[in-house]
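Inspection log for the structure reproduced underneath, given as structure tokens.
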Amino acid sequence: MTRGAARLEPASEEAIEKGARLLREGGLVAFPTETVYGLGADAASAAAVAKIYAAKGRPSFNPLIAHVADLDAARREAELPAAALRLAEAFWPGPLTLVAPRAAGGSVCEAARAGLASVALRVPSAPVARALILAAGRPIAAPSANRSGHVSPVTARHVLEDLGERVDLVIDGGRADKGVESTIVSVLGERPRLLRPGALTREALEEILRAPLEAGEGGAGEGGAAAIVAPGMTASHYAPRARLRLEADELRLGEAGLDFGGCFGAREGRGPILDLSPAADLEEAAANLFLYLRELDARGAALVAVAPIPARGLGEAINDRLRRAAAPK
Ligand code: AMP
Ligand code: MG
């Protein structure tokens, strides 16, 4: 694969065909999903997957999510128990990732799984992502298309800012609408376990399961996959340059603001204030979160006060990302 300047192309049938060809040849193609932009490579190819780890600066012990076209394709890759099938039927295509034992004969390579006997699978709903997976005709390993530890990209421009020449093609499909990553559920244990809160709410999952999800943190002692749920689970991740002060009910002198529901009000002479959702809508706040963190960095904010975000629904994922964004680097 030649390594020229990254090409940015608006989503079109030609761009998708070109992307699929690059993927089959072992290249890296960034594309929009409904959650954030993904950095895709042929999940069956150790050489292609190695390029993902290198481009992101991601440690190779952190496994990747494989994106597949549908439930049938998922069942070729993993042994899905009854609870997983119920969740898949309810939420695929959509922002749900299932971690399950890999199927004998599955194609997702060991490097993509970071050597684990489990595999993480997702069926995205975004039309560009679906078309690309179908055209490539194979599972596509795709973590978020940012440098490891940085804020996830929700536009094609963010991808170029982070990865530039490290990717062969960026397909521009406009803003990723949900704005936070998929919810990851492990079905390796007796009961489904929430490994990472995300764009699909706990409440929606538990309604289908008719039972509470096990907590993610408790899994760390289990060994195997649960112990390895880096990088989205490391203390510092999704991190902007600015320092964040969470649960702030007012702006201090010199602080920029990341507001929610107009809590800070408009003050003269203070730094910029971006409101995640003036109407206090959690979906809108999730969609704006990474965009605004990057925007505050671009405006040179060094200290950012972040208004309290309710813990319910999508607030669980938003607060999770904010805690990691605020953690010492
Ligand atoms: P990212 O692609 O950066 O959004 O992160 C994917 C998440 O899925 C990471 O936290 C991984 O550790 C987790 N993951 C991927 N594959 C597995 C697996 N086989 N077992 C457990 N967790 C996984
Ligand atoms: Mg990521």
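Whatever order the structure lists ligands and atoms in, that order sets their numbers, starting from 1. The first residue of the sequence shown is numbered 1, and numbering continues consecutively from there.
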Margin query: I'd like to know whether K18 forms a salt bridge (Lys or Arg N to Asp or Glu O under 4.0 Å) with E14, so could you lay out the CA-CA distance, the side-chain angles of the two residues, the decisive distance to 0.1 Å, and finally the verdict.
Written below: CA-CA 6 Å; K18 184 192 256 184; E14 298 78 71; over 6 Å; no
Check: Going through the checks in order, is the salt bridge (Lys or Arg N to Asp or Glu O under 4.0 Å) test met by R196 and D320?
Finding: CA-CA 9 Å; R196 175 179 75 186; D320 171 81; over 6 Å; no
Next item on the list: Determine the sole option in R147, R294, K56 for which the side chain to side chain donor-acceptor pair (under 3.5 Å) test with D162 is passed.
Entry: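 Going through the options one by one, the only one that passes is R294.
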Among [options], whose heavy atom sits nearest [atom]?
atom: atom 2 (O) of ligand 1; options: S186, P143, S152, A112; answer: P143
atom: atom 6 (C) of ligand 1; options: L121, V108, I65; answer: I65
atom: atom 18 (C) of ligand 1; options: A100, S118, A117; answer: S118

Check: Would you say ligand 1 has an N or O under 3.5 Å from any N or O of E181?
Finding: no
Next item on the list: Say whether R113, considering both its backbone and side-chain N or O atoms, lies within less than 3.5 Å of an N or O atom on ligand 1.
Entry: no
Ligand-side contact atoms (ligand 1) for residue partner [X], heavy atom cut-off under 4.0 Å:
X: R196; result: 1 (P), 4 (O), 5 (O)
X: I184; result: 7 (C), 8 (O)
X: L116; result: 18 (C), 19 (N), 20 (N)

Item checked: S144 N/O/S atom closer than 2.8 Å to the Mg ion (ligand 2) -> yes
Check: Do NZ/NE/NH1/NH2 and the carboxylate oxygens of E161 and R157 come within less than 4.0 Å?
Finding: yes
Note to self: I'd like to know if the side chain of E181 pairs up with that of S144 as donor and acceptor (distance under 3.5 Å, no hydrogens or angles considered).
What the structure shows: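 Checked: E181/S144 side chains show no N/O donor-acceptor pair below 3.5 Å.
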Note to self: Could you check whether atom CD of E110 has more than 12 heavy atoms from other residues, nucleotides or ligands sitting under 6.0 Å from it?
What the structure shows: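 It does not: E110 CD has 12 such atoms or fewer within range.
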Notebook entry, point to check: Heavy atom under 4.0 Å from ligand 1: found in N62's side chain, backbone, both, or neither?
Noted result: neither
